[in-house]
Every structure is written in C-alpha cells, then in structure tokens.
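Structure first, then comments.
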Amino acid sequence: MNDPGPPGLTVTGLTVRYRAVTALHQVTLRVRPGEVLALAGPNGSGKSSFVRAVVGLAPVAEGQIEFGGRPLETLSLEERARTIAWMPQEEPVGDNIPIREYVLYGRYPHSPRFAPVRDSDRAIADRVLAELGFTDRAEVGVQELSGGERQRVRLGRVLVQETPVLLLDEPTAHLDMGHQLDILERVRRLAHAEGRAVVAALHDLNLAARYADRVVVLHRGRIVADGLPSSVLSPALLRDVWGVVADLRTDPRTGLPYLIPRLPGAELRLSAAPPFRRVHVIGGGGSATPLLRALTSEGHRVTLGVVSLFDSDAETAKELDVPAVAEVPFAPLSEESRAKNRDLLAEAEVVVVAPFPVGPGNLPVLDDVLEVAGRVPTYLVETPSTIARDFTGGSGASRLAALRRKSRVVADARELVRALAVSAPAGDAETHHS
Amino acid sequence: MARGRAGAASPAGTPGGWWLGALLLLGGVVLVAVSPLIGPVPIPVESSLGIVAHGPGPVSSPNACPGIHVSTNQCRIWAEIVWQARIPAMLLALAAGAILGLSGATLQGVFRNSLADPYLLGLSTGAAVGAAVLFVLDVDVAQAGFALPAFAFLGGLIPGLVIFAVGRIARRSAETLVLTGVALGAVFSSLLATFLLYSPVADLQVSFWLLGGMSDASWTHDALLFGVLLAVGGTLSLLGRELNLLQLGEDVAQSVGVPVQRVTLTLVLLTTVGTAAAVAFTGVIGFVGLVSPHIVRRVVGPDYRRVVPLAGLVGAAFLLLAWDIAQTALPPIVLPVGIPTAFVGAPFFLYLLYRRRSVAGAPA
C-alpha cells in the first residue's frame with residue numbers, strides 16, 4: 001500500500017441502523033497493522049453490527065470506513081475481499097468438499113475469473129494447511145471434522161485470503177478450552193509476525209485480556225472503554241456493562257488481569273440493584289460459610305467475627321478476601337480479639353449471627369452483639385437443626401432468646417440475601433423486630 | 001475415502017462411484033448407437049444401420065437398405081423416417097435432457113436446496129400455460145408451426161422473469177425466491193386447469209403435450225436447441241466456483257468477492273431461458289432436472305465445477321433412455337416421454353427423501 005493515509009483500518013463516526021433500530025452510534029476506532037483488538041460487550045451491544053458493517057454486509061447510516069486512507073465503499077467487491085477477510089460466527093456447513101478445496105475458496109478474490117485454480121494459489125493453501133496441521137488430511141471432507149477442527153479450517157479459509165485486515169466474529173464460539181487457546185494463539189502470532197490488523201469479537205473477557213493488545217468495550221452500540229486490557233478491565237466495568245459482580249485478579253504468570261465473576265445473584269443485579277452494605281457476620285464451626293459466599297456474591301462488603309484460626313469459616317473468609325477476626329484454637333477469647341470484633345460491629349451496617357454452636361468462649365461476643373442489636377439491623381440465622389445449640393448450660397440460650405427479640409430471624413443464606421435486598425439501607429431500623 | 005457418515009456424499013464421490021460413472025458413459029454411447037434403430041415403425045435393424053451408414057443424402061437404390069428385399073420407394077421412406085424423425089428426435093432428447101440436467105444442478109446450487117429443479121420453480125408449468133393459451137385459441141397443433149414453441153417459450157419465461165424481478169428489485173434472499181417460484185407454479189397450475197375446463201377439446205392435446213415427447217422433432221428445432229444449449233450450458237458451466245461459494249451462505253460468498261446478487265440472477269435467467277426453450281420443443285418433462293445432479297454427485301462429489309456440466313451429460317443420457325423406452329414399451333404406441341421419466345424419477349425421488357431422513361442432521 002503506497003497510499004498516503006494512515007495504515008490499518010480506520011472507522012470514523014460509524015452509525016449502523018436497521019430500520020428503526022440503531023445498532024451502532026458514532027463509533028470511531030482505529031486498528032493498526034500488527035495489532036490484535038478485542039471487541040467485547042454483552043449480547044446485542046453492537047459487536048456483530050460493527051464487524052458486518054466493515055465487511056459491507058450491514059447498512060452504514062453515517063460514518064466512514066477506510067483502509068490505508070481509501071474509503072471501503074470506493075473499492076470493488078474483489079478489492080474489498082483482498083483487503084478484509086471475515087470469519088462469521090456461524091456459517092452453513094455446506095457440501096462435504098475436501099479441506100483443500102474449501103480453503104482454496106479464500107483465493108477467489110485473487111484469481112482470475114473463469115480460470116482453473118492456479119498452482120500459486122494451491123501453494124498458498126497448502127502452506128496454510130501445513131501451519132494448521134492439516135497437510136495429511138487435506139483430502140478429507142469438511143463434514144467429517146470435529147467442531148474444533150472445522151473452526152480451524154474456517155480460519156484457514158480466512159488466512160488464505162491474505163488480507164491485511166482480519167475480522168473474526170466469536171472465533172472461539174462452541175470450542176473447548178484447548179481449542180480456544182489454540183485459535184487465539186495462532187491469530188495473535190500471525191498478527192504480530194505478519195503485521196495484520198485483527199479485530200476479534202470475543203465474549204470471554206479473560207481470553208480478550210490474554211490475547212488482545214487492546215480491548216474495546218461496546219455497550220448499547222457505543223464505545224464505553226478502549227485501551228490496554230490491564231487498564232480497561234475492572235469490576236466496575238463488568239458491573240456497569242454486563243451487570244455482573246466480579247473479582248479482578250492478576251495472573252501470576254503473565255501479569256495480565258483476569259476476572260472471576262461471582263456466580264449467583266447476577267440476575268438480581270440486572271433487575272433492581274440494592275446498595276451494597278457493610279455486613280459483619282458472627283460465625284464459627286463452618287456455620288458462616290454459606291452466608292459469606294452468598295453475601296460476597298451479592299457484592300456486600302463482608303467482615304467475619306471471632307473464629308478459630310483453622311476453622312473452616314476462617315478458611316472461607318481467606319478464600320473470599322473477607323477480613324476476619326481470628327483467635328488461636330481452644331483458647332479463651334482474648335481482649336484484643338474482642339476489641340477488634342467490637343470495632344467491626346460498630347462499623348457494620350448490618351449484623352448477621354450465624355447458627356454456630358454456642359460455647360463459653362462465644363458468650364462475650366453475643367453480649368457485644370446484643371449491645372448493637374437495637375441500633376443496627378440484626379439478622380439471626382436459625383435452622384430447625386440448630387435450635388438446640390447451647391453448650392453453656394443455659395446462659396447461651398438466654399442470650400439467644402434476647403437476641404431473637406431484637407433481630408429478624410431468617411432460615412438460611414438465601415432468605416438472608418433476599419431480606420437484605422428488599423430492606424432499606426443502613427440506619428433505618430424498621431426492618432427488624434422490636 | 002469411506003470415513004464419512006453413512007449416506008453423506010464423500011468429498012470425491014463413493015468408491016463405487018467411478019464404476020457408476022463408467023457405466024453411465026458406456027450406457028450413453030450405447031443409447032446413441034441404438035436410438036436410430038428404435039421407433040414405432042418397424043424397420044429391420046440391418047436396414048436401419050445401412051441407412052445410418054448411407055448418410056442423410058437422397059436414396060437412389062434399395063442397396064441403402066441391406067438385409068431385406070425392399071423397393072427403392074420403401075427404402076426411401078425408411079431413410080426418411082431414420083433421418084428426419086428418429087435421429088432428430090434423438091438429438092432433441094439429448095439437447096433437452098442436457099439443458100434440464102444443467103438447469104437442475106444450477107438451481108439446486110443457487111437455492112441451496114437439493115429438491116430444486118425447473119419444475120419446482122414453475123418454469124415448466126409456465127410453458128404449459130403458454131401452450132394451453134394456443135390450444136384454447138383453437139389453433140390446430142399441426143398448423144401451429146412455430147407458434148406452439150413460441151407460446152410455450154414465452155409462458156416459460158414468465159415465472160423466471162418474475163423471480164428475477166423480485167430478486168433484483170426487492171433484493172430478496174434465495175429462500176424467498178424459491179418460495180416465490182413455488183407459489184407461481186401453483187398459480188400457473190390453476191390457470192392451466194381453468195383453461196382445460198374452458199376448452200375440453202384442448203384437453204387431450206394439452207395432456208399429451210404436458211407429458212412431453214420428441215415426436216415433433218426436426219433438424220431446425222435441433223439446431224435452435226443446440227444453440228441454446230451451447231450458450232446456456234457453456235455459461236452455467238463457467239460459474240461453478242461461484243456456485244460452490246454460494247453454498248457457504250450469501251454473506252460469506254460476498255465477503256470473498258462474489259457478486260451474489262448478480263450471479264444469482266444471471267443463473268436464474270439462464271436456466272429460465274434454457275428450460276423454456278427445451279420445454280417449448282418437447283413439452284413438460286419432469287424429474288430429469290431433479291435426478292441428474294444427484295446421480296452426478298454420487299459419482300464425482302459435490303463440486304459444482306464438475307456437477308453442473310456432468311449433470312448435463314447425465315440428463316441427456318437419461319432423457320434419451322426414457323425416450324427409447326417410451327417408443328418400445330408398448331408398440332406400436334409411442335408413450336409420452338414423461339411416463340418413463342416419472343417411472344424412473346419418482347422412485348429415485350423417494351429414495352432421496354428416505355436418504356435425507358436417515359442421515360438427519362447431515363445436509364444431503
């Protein structure tokens with residue numbers, strides 16, 4: 001390309017409209033040669049519309065798509081096909097033609113009309129097939145391949161087109177983990193080695209972070225984030241765009257960010273998201289574990305009150321990044337731990353008492369809870385099997401009875417989460433029983 | 001290469017495929033050799049061979065009819081039958097069969113539908129309506145001359161042109177186009193029925209014409225139809241790559257540079273002209289266009305660069321075989337050629353349906 005314009009693909013103010021629906025609003029984007037750009041966004045965010053508009057299959061209402069300074073609409077179909085190759089999310093399987101013939105379809109825009117396939121085209125197809133590991137099976141029919149092999153062969157067809165721009169719409173859809181990594185690794189190496197500009201629409205943000213040089217996030221047809229994976233991916237973005245609460249970690253090997261979505265509760269978030277709260281849980285003996293999981297999944301900021309160091313509740317808290325007050329096992333409650341726990345109680349907007357078996361060491365903690373229970377909404381989790389949980393000869397039972405009067409009793413983690421979701425924010429005492 | 005799912009055509013055809021191919025080729029040669037010897041008028045085989053060897057020139061002595069003692073006049077009549085009826089009919093069957101085979105393969109490719117053929121799209125029925133108009137106007141077929149093929153040709157063009165216009169103006173998908181053709185076929189069928197009720201005299205003529213035949217063959221017709229075959233068949237055979245790419249869907253085809261709209265409409269237009277011309281001279285002949293491409297796919301696999309021209313060859317052989325059967329099955333009656341084609345075609349059609357069912361999920 002000896003054109004004066006900027007190299008690579010330049011999209012300016014692209015708006016795509018299907019009748020009344022505007023799928024893409026004023027999207028401006030530039031992909032440089034050798035750059036892998038991941039296009040991310042939830043379903044219906046405009047990823048496919050963007051890709052289809054660049055291929056020339058979606059109606060461009062406004063804006064300009066250029067390659068190397070040349071507007072794409074000035075190119076003939078064949079020139080366009082020599083510039084941009086497209087791997088759609090899905091395509092008909094077609095006839096059971098040999099792999100080599102299928103891959104050769106990609107040479108269509110390069111070869112003269114009505115002429116037999118040239119040896120130079122065959123050589124290119126064979127080279128790509130060798131790279132993809134199909135040399136021995138070039139004569140096998142495409143219908144005889146597994147899903148992963150077929151995807152690789154489709155990539156082959158796109159590569160054989162030898163275009164400076166590659167558009168891959170969900171190239172890893174329907175693939176298992178190994179094949180996902182395989183395809184994206186190939187694409188990345190190719191882009192970097194041969195200076196091709198790649199736009200890949202990807203659902204999986206972790207794959208996007210790992211293989212893309214840049215991540216662009218679309219939301220309702222607009223670009224809401226654009227930059228390095230490490231700067232773009234954040235729990236806030238996931239919450240705002242996908243409605244999913246997630247933890248952001250760093251891959252110790254690559255230093256790249258990866259997100260762990262918290263499993264339940266996503267649908268709750270998508271509907272009416274209640275404010276997150278500081279919740280202090282009094283637990284022990286594993287009784288708090290389901291509560292901790294449920295509360296953190298909901299996005300609440302959770303702390304855990306006095307548990308033994310090797311208690312399974314303590315393990316869970318560590319796993320979930322929940323700050324916990326821990327005590328040496330089988331020792332009486334130290335003043336230091338009690339004070340720390342009181343601090344957390346004081347900061348809490350909600351207090352939850354898990355159904356742990358009450359021993360002598362728990363009594364001071366329960367006293368402290370009783371003290372705040374009048375001011376802070378307090379939830380007592382009691383399941384039928386844990387009603388008889390007093391191992392203190394009556395003093396525990398009397399405190400629990402007092403607590404029952406000052407708090408709301410719930411049966412399990414689910415009920416607790418639901419109660420928190422519908423209750424008013426902290427400071428309002430109307431939700432708990434007097 | 002027998003690793004494919006049962007029933008799915010393997011990429012290079014079936015292992016038995018080449019035997020079938022050789023058999024078809026041999027059958028075609030035999031058919032061409034035998035056809036001049038066959039006809040409703042009994043002529044001794046040796047005399048028929050002698051007449052063929054003598055050539056189309058005027059017969060001046062009974063020596064042209066060896067193997068039997070006949071008068072010069074008798075021999076002249078036989079020579080007339082062989083050279084002005086049997087051989088033109090054979091050539092007409094070859095040309096019409098080739099056009100129908102080529103058209104069937106092309107339409108199946110364009111519409112990505114293994115059941116598509118000129119008949120399904122209403123092209124044949126349109127021609128029948130064109131012919132029926134003539135019968136209703138009470139024109140005697142014998143005096144009609146070129147009026148009959150002309151009317152049939154014009155009638156056959158109508159459904160194809162409507163499909164072309166819908167595709168061009170409304171820019172509809174191939175699926176919409178094929179459904180348009182089916183709907184038009186239904187409209188033409190009811191028109192035809194109305195015509196036949198209105199004019200009972202026309203009924204018999206049209207019925208016979210509807211089932212097709214080569215009895216009206218002449219060297220002029222042959223020349224015209226071979227001209228059409230050369231133009232249409234030649235162009236269709238050149239568009240095999242585009243047909244192959246269309247199998248990946250119109251979007252993918254366009255993304256690699258195929259002008260989908262233009263190619264689709266060109267192919268529909270060419271098959272329309274070809275079919276209308278063939279039907280105009282032979283009457284409506286079903287199943288040749290449907291069956292021939294499927295036979296070819298079993299032999300050489302699904303590549304349209306080979307399927308289209310070879311479906312023309314198979315169609316030619318198939319229609320000639322049907323014509324020979326039509327002349328010899330119930331002598332001295334010449335059956336409408338549609339009867340033997342349907343007798344072979346319909347069971348094959350059922351076989352295809354059964355095969356599609358048995359490999360559910362695998363596109364045939």
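A, B, ... follow the sequence lines: proteins, then strands. Residue 1 opens every chain. In what follows, every heavy atom counts, from backbone to side chain, and hydrogens, waters and symmetry copies are set aside. Please read all numbers here as calculations on a predicted model, not as lab measurements.
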Distance in Å, B/N244 CG paired with A/Y102 OH, rounded so as to fall on 0.5 Å steps: 12.5 Å
For a quick test of reading the model, state the closest non-hydrogen atom pair linking B/G257 to A/A81 and the distance between them. N-CB, 3.6 Å
Give, for atom CD of B/E250 and atom CG of A/L57, the distance between the pair rounded to the nearest 0.5 Å. 10.5 Å
In short, A/P109 meets B/V256 closest at the heavy-atom pair CD-O, 3.2 Å
Listed once per pair and sorted, the salt bridge (Lys or Arg N to Asp or Glu O under 4.0 Å) pairs that draw on residues 50-62 of chain A, sequence neighbours left out: A/R17-A/E62, A/R52-B/D251
A/V117 portion near chain B, given a 4.5 angstrom heavy-atom threshold: side chain
Does A/Y108, at its OH atom, have more than 12 non-hydrogen atoms belonging to other residues, nucleotides or ligands within less than 6.0 Å? yes
One should read off an interatomic distance between B/R297 CZ and A/D95 CG, to the nearest 0.5 angstrom, of 6.5 Å
Look at atom CZ of A/R127 and say whether more than 12 heavy atoms of other residues, nucleotides or ligands are closer to it than 6.0 Å. yes
Of the backbone (N, CA, C, O) and the side chain (C-beta and beyond), which part of A/I84 lies under 4.5 Å from a heavy atom of chain B, both, or neither? backbone
At a heavy-atom separation under 4.5 Å, does B/R305 approach chain A through its side chain, its backbone, both, or neither? side chain
Rounded distance [0.5 Å steps], CD in B/Q261 versus CG in A/L77: 11.0 Å
For B/P259 and A/R113, which heavy atoms make the closest approach, and how far apart are they? CD-NH2, 3.5 Å
Within residues 34-48 of chain A, which residues come under 4.5 Å of chain B, heavy atom to heavy atom? none
Quick check: closest heavy atoms across B/L248 and A/E91, and the distance to 0.1 Å? O-CB, 4.0 Å
State the OG-CD distance between B/S255 and A/Q161, to the nearest 0.5 angstrom. 6.0 Å
Taking the side chain as everything from C-beta on, heavy atoms only, tell me whether A/W86 gets closer than 4.5 Å to B/V252. yes
Give a yes or no on whether a salt bridge exists between B/R241 and A/E101, defined as a side-chain N under 4.0 angstrom from a carboxylate O. no
